[in-house]
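A short worksheet on the structure shown next.
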Number of protein chains: 2
Amino acid sequence: MKIDPNSSADLSAQIAQAIKDAIISGELIVDERLPSETELSDHFQVSRPTVREALKRLAAQSLIRTQRGASGGAFVNRLSFEDAYAQQVTTSTLLLSMNEVSFDTACEARYALERACAPLSALRRSPDHLATMRAEIFRQGQPGLTDEAFCASDVAFHRALVDGAGNPVLSYQLAGAVEAMQPLMNMITFTARDRERIVELHGQIADAIEQRNSQAADLALSELTAYTLELGTKAMAARASRHQNRSNVENPK
Amino acid sequence: MKIDPNSSADLSAQIAQAIKDAIISGELIVDERLPSETELSDHFQVSRPTVREALKRLAAQSLIRTQRGASGGAFVNRLSFEDAYAQQVTTSTLLLSMNEVSFDTACEARYALERACAPLSALRRSPDHLATMRAEIFRQGQPGLTDEAFCASDVAFHRALVDGAGNPVLSYQLAGAVEAMQPLMNMITFTARDRERIVELHGQIADAIEQRNSQAADLALSELTAYTLELGTKAMAARASRHQNRSNVENPK
DNA sequence: AAAAATTCATTTGTCTGACATTTAAAAGTC
DNA sequence: GACTTTTAAATGTCAGACAAATGAATTTTT
């Protein structure tokens, strides 16, 4: 583990990178204890605060965890699916919100990926997954549900569908795509008829998954894609015209 | 932006979370300058090193960037697709390497996602994407190519396929799945016949994409999936028996 | 007056040294 | 032997200082 004394980058960034490289290369293995902060500052010839900044960078990425007290220190963290999942959701959400990704683009990506899971889910779903899907469909049909709650249930339904594929890597990859869509979906106001149609399609998907009929699942998902796209387009248009009106009121000609 | 004085968590973690929340909620917008470190330490009633540790955590996630000098400071960063892409690859790679994800699982996830892109790519690919694919296929056919170089070219080929869908969100999501597989793929030793078969299938994919024939593309991809899976299984088995032999030598009975 | 050089204030980057807090192990006590 | 106390090691936090970079204001030069 060495740093380049001629680099212009921050020392803490260099040190963080050096340790990160050591972890990726396998030089440091899971649960191994890093040298203490004092030892690291000796090794890299920097002060302890600088080492600490480097360690905080790694902690922010869940690459290490720290423990106080005797026999404490920084330990290489096993990146769990949960941690990776959380990071993936945060990154995707920010990416979508900061880059003015269109509803269409995000929606297309989400459903394309989801349709990739459907055949596997039809093959391997457990009764548990099916039960979750049915429960969420039931919830979505309840009157008096807020739009936020409806969207949350929608996410839960689709998570169950994805998890049904029984592939944790796939579930993790999809987490970002599905959850990051939620803020965009929350912009939509669902009418009773919209919800009815969505619940109907969800029902078709659940039926298809239950019968292990991947073709039917794909068909229903493709209809759901089209319908969601339609709703989104309408919502975005309404939103745009509202903004238009407001700025007209603010700046009357 | 407030922190809970009764929380047991590190102050720097709390402060980082508070600022992160402010960014996600839109309270702090892109390119906005955060208060200076001194102002933040006044605001949160902590010392400057603590604030700095918090800022480094955010910098590690590309949420902020810092600039020295007068009119410098920490600025909310627009999370670019490149940044998100890089994070995604790192996370996926570590996840796969640290969690003993089986070759099968990773492979299945990767190809499932990739097949989701193929129809869109067939629809929208530009001549550029096609040219890249052809170029990589040509490279893969060259004799004397190392296994690493072959894998790298394989990744480049598949990236072109994915990018052909013209959906940046999809490209970003797939980046992790495809690139994180590379270390696993590098464990495989490709025979000349293996390569020949892969190049042939790549050719079929490129042909299908060129002719905007999504069905043919899907077929070729599904064959490639099966073939890769077969190679992987063989490689893993060989690896396991090597390990077996080695431990027998080390611990003869 | 315009351009170049200089100064200056501000901000992040880094260092030194210290103290607080937590924690597990060692030492002591019954 | 079981329990309590002490101790040492490690991270968490703080205060104050200086270095380095940088943009803006100021001065000097042309």
Side-chain angles (χ1 to χ4, degrees), chain A residues 1-20 22-23 28 31-77, chain B residues 1-20 22-23 28 31-77:
Chain A
M1 278 199 305
K2 279 182 188 155
I3 58 176
D4 174 13
N6 300 322
S7 164
S8 64
D10 289 0
L11 287 173
S12 69
Q14 289 183 59
I15 293 169
Q17 189 61 51
I19 298 177
K20 191 171 177 176
I23 294 176
L28 293 169
D31 292 334
E32 185 171 341
R33 185 179 170 283
L34 269 65
S36 74
E37 294 176 353
T38 312
E39 287 168 328
L40 284 172
S41 59
D42 275 0
H43 175 78
F44 289 116
Q45 289 286 300
V46 298
S47 69
R48 211 184 123 210
T50 303
V51 165
R52 281 183 60 80
E53 287 179 11
L55 294 180
K56 295 311 159 200
R57 295 178 113 111
L58 300 175
Q61 298 171 280
S62 306
L63 263 73
I64 62 169
R65 61 178 185 279
T66 55
Q67 212 171 356
R68 285 170 77 164
S71 78
F75 298 82
V76 177
N77 206 13
Chain B
M1 277 199 308
K2 276 177 189 157
I3 58 175
D4 174 13
N6 299 323
S7 164
S8 65
D10 289 1
L11 287 173
S12 68
Q14 288 184 60
I15 293 170
Q17 190 60 52
I19 298 176
K20 191 170 175 176
I23 294 176
L28 292 169
D31 291 337
E32 185 172 341
R33 185 180 171 283
L34 268 65
S36 74
E37 293 176 354
T38 313
E39 286 168 328
L40 285 172
S41 59
D42 274 1
H43 175 78
F44 289 114
Q45 290 286 299
V46 299
S47 69
R48 193 157 81 97
T50 303
V51 166
R52 281 183 60 79
E53 287 179 10
L55 294 180
K56 294 312 159 203
R57 293 179 115 109
L58 299 175
Q61 296 172 280
S62 306
L63 264 72
I64 61 169
R65 61 179 184 278
T66 53
Q67 211 170 357
R68 286 170 76 163
S71 78
F75 298 83
V76 178
N77 207 15

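Both backbone and side-chain heavy atoms feed into the values below; hydrogens, waters and symmetry mates do not. Each chain gets a letter, A, B and so on, in the order the sequences are listed, and its residues count up from 1.
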task = May I have the distance from B:Glu39 (atom CD) to C:dT10 (atom P), rounded to whole angstrom?
result = 11 Å

inquiry  = Output the rounded distance in Å from CD (B:Gln67) to P (C:dG13).
reply    = 10 Å

task = Go through the side-chain N and O atoms of B:Thr38 and B:Ser41 and say whether any donor and acceptor fall under 3.5 Å apart.
result = no

Nearest-nucleotide pick for A:Val46, side chain only, options being C:dC15, D:dT13, C:dT11 = C:dC15

ask   = Going through the checks in order, is the side chain to side chain contact (heavy atoms under 4.5 Å, CB included) test met by A:Leu55 and A:Leu40?
value = CA-CA 10 Å; A:Leu55 294 180; A:Leu40 284 172; 4.3 Å; yes

task = Can you check whether any acceptor in the base of C:dT21 is under 3.5 Å from a donor in the side chain of A:Arg68, or vice versa?
result = yes

key: Interatomic distance where CZ belongs to B:Arg52 and P belongs to C:dT11 [whole Å]   = 14 Å

message = Strictly by salt bridge (charged side-chain N to carboxylate O under 4.0 Å, His left out), give each pair with a member in residues 53-67 of chain A just once, sequence neighbours left out.
response = A:Asp31-A:Arg65, A:Glu53-B:Arg52

ask   = Any N or O donor-acceptor pair linking the side chain of B:Arg48 to the base of D:dG16 at under 3.5 Å?
value = no

message = So B:Arg65, base contact, sugar-phosphate only, or nothing? Heavy-atom distance under 4.0 Å.
response = nothing

task = In whole angstrom, give the distance that lies between atom CZ of B:Phe44 and atom C1' of D:dC14.
result = 17 Å

query = Nearest of D:dG23, D:dT13, C:dT12 to any side-chain atom of B:Ser71?
reply = D:dG23

ask   = DNA chain C: B:Gly69 or A:Glu53, which has the more 5' nearest nucleotide?
value = B:Gly69

task = Just compare D:dG12, C:dA24, C:dT16 and give me whichever is closest to any side-chain atom of A:Pro49.
result = C:dT16

Spacing of A:Leu55 atom CG relative to D:dT11 atom P, expressed in whole Å = 8 Å

key: Candidate list B:Ile64, B:Leu58, B:Ile15, B:Leu28, test side chain to side chain contact (heavy atoms under 4.5 Å, CB included), partner B:Lys20, passing option   = B:Leu58

Per A:Leu11 side chain, nearest of listed nucleotides D:dC14, C:dT14, D:dT11 = C:dT14

query = Rounded to the Å, how far apart are A:Arg33 CZ and D:dA9 P?
reply = 12 Å

ask   = Is any side-chain nitrogen or oxygen of B:Thr66 closer than 4.0 Å to OP1 or OP2 of C:dT11?
value = no

ask   = Got A:Gln14 and A:Phe44 here, is their nearest side-chain heavy-atom distance under 4.5 Å?
value = no

query = Is any side-chain nitrogen or oxygen of B:Thr50 closer than 4.0 Å to OP1 or OP2 of D:dG12?
reply = no

inquiry  = By nearest atom, which of the nucleotides D:dT13, C:dT14, D:dA9 is closest to the A:Asp10 side chain?
reply    = C:dT14

inquiry  = Quick check for you: among D:dA15, D:dT11, C:dT11, whose closest atom lies nearest to any side-chain atom of A:Ser36?
reply    = D:dT11

ask   = Atom CZ of A:Phe75 to atom P of D:dA9: distance rounded to whole Å?
value = 16 Å

message = Rounding to an integer number of Å, can you tell me how far B:Glu37 CD sits from D:dC14 C1'?
response = 15 Å

